[in-house]
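Here is the structure we will look at, set down as structure tokens.
Atoms within a ligand are numbered from 1 in the order they appear, just like the ligands themselves. Quick note: numbers below take in every heavy atom, side chains included, and nothing from hydrogens, waters or symmetry partners. Every value quoted in this text rests on a predicted model; they were computed, and no experiment measured them.
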Amino acid sequence: MRTREFAAPEAHAGLEWWRSAVIYQIYPRSFADSDGDGIGDLPGIAAKLPYLARLGIDAIWLSPFYRSPQADAGYDVADYRVVDPLFGTLDDFDRMLHGAHALGMKVIVDLVPNHTSDEHAWFQAALKSPPGSAERARYLFRDGKGAHGELPPNNWQSVFGGNAWSRAPGDSQWYLHLFDRKQPDLNWDHPEVRAEFEDVLRFWLERGVDGFRVDVAHGLIKAPGLPDWDGHAAMVEGAEAGNSGDSDSAGPMWDQDGVHEIYRNWRRVLDAYPGERMMVAEAWIARQSRLARYIRHDEMQQAFNFDYLLAHWDAAELRAVIDSSLAASAAVGAPTTWVMSNHDSVRHTSRFGLRKPGARPKGIDANGEQPNEALGLRRARAAALLMLALPGSAYIYQGEELGLPEHTALEARYRQDPAFFRTNGAEIGRDGCRIPLPWKANAPSFGFGASETSWLPQPGNFAHYAADRQDGVSGSTLELYRRLLHLRRDYQLGAGQLQWHTVGASEVLSFDNGQLHAVINLGMKPVTLPAGTLLVSSEPLNAAGQLPGNTAAWLLPAHRPMNTSR
Ligand code: NOJ
């Protein structure tokens with residue numbers, strides 16, 4: 001029986017690159033270290049561009065590499081126009097950018113507009129200036145409550161735990177920081193803040209970047225008067241954290257209507273440049289219709305689909321998320337995006353190996369449930385066939401193509417995530433998904449750099465996942481991703497249409513995208529595939545030619561079964 005059909009907006013299909021692009025996230029400090037200091041850098045990335053081009057991606061997104069005291073791994077920017085010496089120089093950036101372009105890959109960079117570092121010149125000037133000064137007006141300084149102003153101005157909690165307000169030593173006023181105390185929030189009602197960021201956009205656009213990933217895109221404008229709110233301002237939990245649920249209200253710090261004017265202005269800035277420059281919103285908003293407002297025709301081009309990242313290994317849940325995502329983005333003429341892992345979440349290979357597959361722990365350590373590594377990997381490989389068969393744009397997090405798991409036993413003494421410290425370890429934090437990549441099984445730091453040093457220690461099992469162990473090895477996860485990405489391109493799946501098939505087993509997802517038919521078996525029992533030519537499967541078929549449990553396949557059907565005629 002033919003069921004619901006969704007289209008990547010046909011009027012646009014194939015026009016702009018970002019509608020169907022596969023975008024690979026590079027977390028620079030953990031990707032490749034060219035100088036042996038234990039921290040990845042821009043020349044390291046440049047050296048790996050041929051690897052990325054061969055993988056078959058369309059674009060790379062770089063997490064921040066700007067001047068920063070690194071209190072939140074670079075999401076605390078002290079100068080938006082300067083490359084931090086940890087990562088190289090502006091010349092290194094230009095070389096990397098041109099190298100990527102020469103290989104046909106676009107480059108998008110991270111923009112962090114909600115807050116600066118406390119070491120940014122503006123904040124330093126604010127601290128030296130009195131209450132009520134022009135310097136303070138660029139941030140959210142307020143007098144405290146209580147007889148002597150000794151209590152914070154409101155009850156907001158930081159996303160990383162603890163109070164969202166701090167006072168500099170000796171200072172009478174408090175300043176707001178939704179994240180770490182070293183990340184003061186900017187006042188986006190201030191015209192200088194707006195002008196400055198438009199200028200920062202131009203700075204990188206002039207250098208030739210293809211777009212921006214906008215950090216905390218839903219947080220820039222706060223409700224007038226900064227009213228008290230009893231919810232918890234969380235990043236990764238969507239509706240579970242009360243980030244909006246069924247209501248239009250996401251808490252006074254999130255998703256205020258005023259943010260959209262900012263993005264409409266930015267869109268005009270981008271559109272003044274040749275090429276198809278784009279923006280992707282990082283906005284943790286539970287309600288899809290609210291998220292879609294960020295990708296209206298005159299705002300950003302994409303928004304991360306965190307509902308998809310948060311979905312469990314469950315056929316009904318995934319199908320529901322896919323349907324609602326496609327519908328919400330189609331309603332505004334934007335492409336849907338898909339993502340399973342990033343630098344803020346436990347890697348999906350490990351999440352899928354938990355007793356409740358796809359559960360979303362805030363980090364895993366040796367005291368927690370240890371994922372079943374083999375089962376998690378098996379499901380992650382099948383999940384790649386699901387995600388990469390879907391129309392729209394897909395994001396891959398570095399190491400995902402190697403099947404890399406989370407480091408689930410990192411000792412507390414190595415942890416660096418401010419969330420770990422601000423919650424006194426109650427949140428284990430994000431270090432486990434940020435471990436430097438293994439490139440060579442038998443080299444110091446598994447080939448991450450020229451020395452043994454890596455800013456976070458790598459677990460021994462990373463040797464199995466090293467790129468050189470998988471390169472050219474039939475059946476390896478790396479070769480699987482290469483094959484999938486090339487097939488995705490050949491069959492133009494990103495610009496295609498999804499049409500579900502109704503199948504007998506409730507644990508199976510089955511759909512067409514153009515000529516290609518995808519079957520994802522999320523259950524344990526083997527299922528029979530329709531007749532046709534098998535293009536790729538995440539594991540070998542069983543002796544009876546069936547698709548085993550936790551396995552997926554792409555095929556070209558011999559004939560279109562009666563029940564799916566268009
Ligand atoms: C979202 C980023 O992805 C995360 O890594 C960072 O800690 C926060 N925004 C604050 O910038």
Side-chain angles (χ1 to χ4, degrees), residues 23 25-31 61-78 80 84 108-120 123 139 156-162 164 176-186 188 197 200 212-220 222 232-238 241 243 253-255 259 279-285 291 294 302-306 309-310 337 339-347 360 362-363 395 397-398 415-423 427-435 455-456:
I23 303 177
Q25 179 188 357
I26 291 183
Y27 195 64
R29 56 171 42 234
S30 299
F31 188 67
W61 147 38
L62 299 180
S63 281
F65 49 82
Y66 316 109
R67 184 184 291 285
S68 161
Q70 306 289 322
D72 184 21
Y75 282 95
D76 49 319
V77 181
Y80 291 84
D84 195 286
I108 67 179
V109 296
D110 224 300
L111 186 76
V112 189
N114 179 67
H115 43 266
T116 67
S117 162
D118 64 342
E119 297 183 26
H120 190 282
F123 194 73
Y139 291 90
W156 293 5
Q157 298 295 298
S158 152
V159 172
F160 291 160
L176 178 70
H177 54 86
L178 289 181
F179 295 89
D180 191 68
R181 63 177 294 144
K182 286 183 69 61
Q183 294 168 292
D185 280 50
L186 284 161
W188 272 90
F197 273 87
V200 169
F212 302 90
R213 176 263 188 194
V214 180
D215 190 63
V216 199
H218 57 320
L220 274 49
K222 280 77 179 174
H232 175 64
M235 191 161 52
V236 290
E237 293 148 317
N243 268 1
M253 68 291 287
W254 300 139
D255 194 28
V259 292
M279 294 177 282
V280 52
E282 188 233 14
W284 294 95
I285 296 173
L291 184 61
Y294 291 73
Q302 294 187 344
F304 288 112
N305 183 352
F306 292 124
L309 184 149
L310 295 171
T337 65
V339 60
M340 297 192 281
S341 283
N342 64 25
H343 65 291
D344 291 330
S345 327
V346 170
R347 283 183 176 273
R360 36 227 201 205
K362 290 192 159 186
Y395 280 80
Y397 177 46
Q398 65 178 34
R415 295 211 172 263
Q416 306 211 12
D417 184 350
F420 175 75
F421 298 101
R422 290 185 61 89
T423 60
E427 262 184 38
I428 295 155
R430 303 163 293 175
D431 296 304
C433 66
R434 299 174 172 182
I435 307 295
W455 71 278
L456 289 171

> Between the side chains of Y75 and D180, is a donor N or O closer than 3.5 angstrom to an acceptor N or O?
Replying inline: no
> Which ligand 1 atoms are under 4.0 Å away from a heavy-atom of R430?
Replying inline: 4 (C), 5 (O), 6 (C), 7 (O)
> Which heavy atom of the protein is the closest neighbour of atom 7 (O) of ligand 1, given with residue, atom name and distance?
Replying inline: D72 OD2, 2.5 Å
> Any salt bridge between K182 and E119, counting N to O under 4.0 Å?
Replying inline: yes
>> Looking only at side-chain N and O atoms, does Q416 offer a donor or acceptor that is under 3.5 Å from a partner on R434?
In response: no
> Among protein heavy atoms, which lies nearest atom 2 (C) of ligand 1, and at what distance?
Replying inline: D215 OD1, 3.1 Å
> Between Y27 and ligand 1, which residue portion shows a heavy-atom distance shorter than 4.0 Å: side chain, backbone, both, or neither?
Replying inline: neither
> Just which atoms of ligand 1 are under 4.0 Å from any heavy atom in H343?
Replying inline: 2 (C), 3 (O), 4 (C), 5 (O)
>> Give me the nearest non-hydrogen protein atom to atom 3 (O) of ligand 1 as residue plus atom name, then the distance to 0.1 Å.
In response: D344 OD2, 2.5 Å
> At a 4.0 Å threshold, what atoms of ligand 1 neighbour a non-hydrogen atom of V216?
Replying inline: 9 (N)
> Between K362 and D344, is there a side-chain N and carboxylate O pair less than 4.0 Å apart?
Replying inline: no
> For the residue pair F197 and W188, does the interplanar ring angle fall in the parallel (under 30°), tilted (30 to 60°) or perpendicular (over 60°) class?
Replying inline: tilted
>> I'd like to know whether ligand 1 has R434 as a neighbour, heavy-atom separation below 4.0 Å.
In response: yes
>> Parallel, tilted or perpendicular, judged at 30° and 60°: which one describes the rings of Y139 and F123?
In response: perpendicular
>> Does either side chain, that of T337 or that of N305, offer a donor lying less than 3.5 Å from an acceptor on the other one?
In response: no
>> Closer than 4.0 Å to some heavy atom of H115 - which atoms of ligand 1 meet that?
In response: 10 (C), 11 (O)
